[in-house]
Amino acid sequence: MKAGLKPRYDGHCREGAAPVKGVKPIVRFRNPREGDVVFDDLVRGRISISNTELDDLVIARPDGSPTYNFTVVVDDVDMAVSLVIRGDDHINNTPRQINIYRALGAELPDFAHVPMILGDDGARLSKRHGAVGVMQYRDDGYLPQALLNYLVRLGWSHGDQEIFSLQEMIDTFDIRDVNRKASAFNTEKLDWLNQHYMKSLPPAEVAQHLAWHFEQAGIDPENGPPLADLVSVQADRVKTLCEMTDQSRVFYREFDEYDPGAAHKHLRPVTADPLAAIGGRLAELDRWEPEMLNETIRAVAEELELGMGKIAQPLRVALTGTAVSPSIDKTLWLVGRERSLARIQRALAFVIARAAN
RNA sequence: GCUCCCUUCGUCUAGCGGUCAGGACACCGCCCUCUCAAGGCGGGAACACGAGUUCGAUUCUCGUAGGGAGCGCCA
C-alpha cells in the first residue's frame, strides 16, 4: 500500500503447497495474471479491465463454505441464466466472475449494469435514507399503473412518449436503451402520473383500489355514493388515493363542526334566505342528478339576483363544513339528497342562531 | 492511493457531426371559473470545463474538475 498498490494476496501458495498442520486452508481462484477482461455491457458498452487489477480471490472459506463471487457464477450457470441485469455497483465484480465462468468452461451470459436510483434530494438511497419497499407506494395512495409507468421512464425512454400501458412497456422496452446515468426519483412527477391514471382509467377500476384505502381509514363505502362516482369527480382534484379518501369523508359521515374561517365568511345572516330557498327547491326535486342540481342552483341564484359565488359558497360550507369541495352540483350529488337537505337545515339553524347573537 | 463507471433545463429525458438543442414534471403569467382543482394558451430554464479531430462539435478523441463504485474469508 505504501507503494501505491492495492492490498492483495502475495501468491504464496499459488503454485501449490503442502498442507500446514494446524492451519485450516482457504481456497483461492487462480486468476490469470496477464491480458485484459473485456465484455460488452448492454447498457455501458465495452468495458475493459486488466487482469493485473484482479486478485486471486478467495472462493472457499476454511470451513469449505463458498464466497459470493464464486456462488453467483455457479448458481447462474446452473440455472442457465443468459442475461444478468443488476446494479452498476457490480461492474467491478464482473471481470472476476467472467474469469470464473471461463475456468468453469461455461458459456458467458450477457451483462447489463443499470444505474441506481437516487432519492428526491439527489442523494443515494439507503436503508437510512429514503429507501422504501414497493408496497409503501400502495399505502401512500399510488396506483400500480402510475408507479410502473414512472419507474419505466426513469433511466429509459422511447422518444418523447411519457405514458405507457403495460403492453406498450413490454413492446417497446429494450435494455439497450437504458441510460448510464443515475437518476433522481421525482415524487412530483409520480404524482402527476398517478393523477393521470386516476383520471383516465375506468372509474370502477380506480374504485377497487380506493376501496382498500377506505377500509384502512375505517370508512364504510356503503354509507355514501358509489366509489366509482366519487372517483369520477375527485380524480382531477387530488394526487393520491389517500388524499381522495381524506377529502371524501364528508360524503360518508357527518362532520362535527364548521371550519371556523369558512363559517365566519360564508354562513352569514344574509345567507339565511338563499339557503332556505335552495333547501325548498331541492326538496321538490324528484331526481338527484348533477345536471338538474346545477340548473336548480342557477335558477335560484337568478331569482334572487345573486351571483353564483354568493349562492354556492354558503351552500358549500353548509354541505361540507369547509370552503373547498367539488363543483356545487357534484357536491350535492355526492352528499346525496337526504343528507344534503338535512345539512342545509343544520346550516340554517346555525345562521339563525348566529343572527340572534 | 489505484482501477472502473458517470456528467444536456431544478428533475426525468430526446439527440446518435450541421437542430432556433425537442418533450415531460415542476415553476411563472394569462384565460376559464361557484371554492379548490382540472383544462387551454404562453413564458423563463440545459449541452461541467479545456484542448484537439473536422469546413463544422452537445455529438468523436484526450485531459481537468465534480460525482459514484470497487480494491473482503459481505452479499
Side-chain angles (χ1 to χ4, degrees), chain A residues 1-9 24-28 37 41 43-45 47-50 52-55 57-72 86-96 113 115-124 150-163 177 179-193 195-196 198-199 233-239 243 247 262 265-266 294 297-298 301 306-317 319-320 322-332:
Chain A
M1 257 194 279
K2 278 171 249 140
L5 300 174
K6 298 186 180 191
R8 60 193 303 164
Y9 174 56
K24 282 206 142 196
I26 49 113
V27 180
R28 285 181 184 271
V37 179
D41 191 281
V43 343
R44 294 299 156 105
I47 293 175
S48 170
I49 190 163
S50 169
T52 60
E53 295 298 325
L54 275 20
D55 203 356
L57 72 168
V58 171
I59 57 177
R61 304 183 180 94
D63 65 1
S65 63
T67 59
Y68 173 74
N69 277 297
F70 184 50
T71 55
V72 161
R86 64 204 339 186
D88 63 8
D89 50 332
H90 284 277
I91 288 183
N92 290 290
N93 286 328
T94 306
R96 307 172 215 290
H113 288 93
M116 57 190 171
I117 295 173
L118 276 18
D120 258 312
D121 55 1
R124 189 186 179 184
Y150 179 74
L151 254 18
V152 82
R153 276 287 286 105
L154 201 56
W156 174 83
S157 62
H158 184 66
D160 284 339
Q161 189 172 349
E162 295 287 351
I163 305 298
D177 295 331
N179 278 164
R180 292 179 278 275
K181 186 179 64 164
S183 44
F185 197 97
N186 186 218
T187 303
E188 288 174 332
K189 190 158 186 180
L190 206 213
D191 283 343
W192 173 75
L193 276 165
Q195 183 173 52
H196 167 81
M198 288 194 292
K199 291 194 298 186
V233 345
Q234 295 278 237
D236 56 12
R237 320 172 51 74
V238 297
K239 300 294 189 190
E243 283 179 41
Q247 295 184 24
K265 187 173 180 185
H266 300 294
N294 189 38
I297 301 301
R298 287 190 181 280
L306 288 172
M308 276 297 279
K310 295 278 189 225
I311 274 286
Q313 280 307 84
L315 181 53
R316 173 167 283 114
V317 179
L319 292 171
T320 68
T322 73
V324 176
S325 83
S327 62
I328 201 64
D329 53 339
K330 296 290 177 52
T331 299
L332 279 163

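In what follows, every chain begins at residue 1, and chains take the letters A, B, ... in the order their sequences are listed.
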Same-atom distance (C1') from C20(B) to A46(B), integer angstrom
15 Å
M116(A) CE - G67(B) C1' separation (whole Å)
9 Å
Do any side-chain nitrogens or oxygens of K181(A) fall under 4.0 Å of OP1 or OP2 in U8(B)?
yes
Atom-to-atom span, CZ of R124(A) to C1' of G70(B) - whole angstrom
12 Å
Just to be sure I understand the rule, does S157(A) reach a base, reach only the sugar-phosphate, or reach nothing, if contact means heavy atoms closer than 4.0 Å?
sugar-phosphate
Once you apply a heavy-atom cut-off of 4.0 Å, does R316(A) come out as touching a base, just sugar-phosphate, or nothing?
base
Name the nucleic acid region contacted by I328(A), choosing base, sugar-phosphate or nothing; use a 4.0 angstrom heavy-atom cut-off, strictly under.
base
Can you tell me whether the side chain of Q161(A) and the base of G23(B) have a donor-acceptor pair closer than 3.5 Å?
no
Are S183(A) and U13(B) close enough that a side-chain N or O sits under 4.0 Å from OP1 or OP2?
yes
Among C73(B), A75(B), U35(B), find the nucleotide with the atom closest to the side chain of P62(A).
C73(B)
R96(A) side chain to L54(A) backbone, donor-acceptor under 3.5 Å:
no
Base, sugar-phosphate or nothing for I26(A)? Non-hydrogen atoms, less than 4.0 Å.
base
With a 4.0 Å cutoff (strictly under), does any side-chain N or O of S325(A) reach OP1 or OP2 of U35(B)?
no
Applying a 4.0 Å non-hydrogen cut-off, can you work out what A184(A) is touching in the nucleic acid: base, sugar-phosphate, or nothing?
sugar-phosphate
Looking at every strand, decide which applies to R86(A) at a 4.0 Å heavy-atom threshold: base, sugar-phosphate, or nothing.
nothing
Taking NE2 from H266(A) and P from U35(B), how many angstroms apart are they, rounded to a whole number?
10 Å
Atom-pair distance (NE2 on H90(A); P on U3(B)), nearest Å
23 Å
Please walk me through it: do R86(A) and T94(A) pass side chain to side chain donor-acceptor pair (under 3.5 Å)?
CA-CA 11 Å; R86(A) 64 204 339 186; T94(A) 306; 3.1 Å; yes
Determine the Euclidean distance between corresponding P atoms of C47(B) and U59(B); express it in Å to zero decimal places.
12 Å
For A14(B) and N179(A) - does any side-chain N or O of the residue sit under 4.0 Å from the phosphate oxygens OP1/OP2?
yes
Taking only the side-chain nitrogens and oxygens of K199(A), find out if one of them lies under 4.0 Å from OP1 or OP2 of G39(B).
yes
Would one find a side-chain N or O of R180(A) under 4.0 angstrom from OP1 or OP2 of C6(B)?
yes
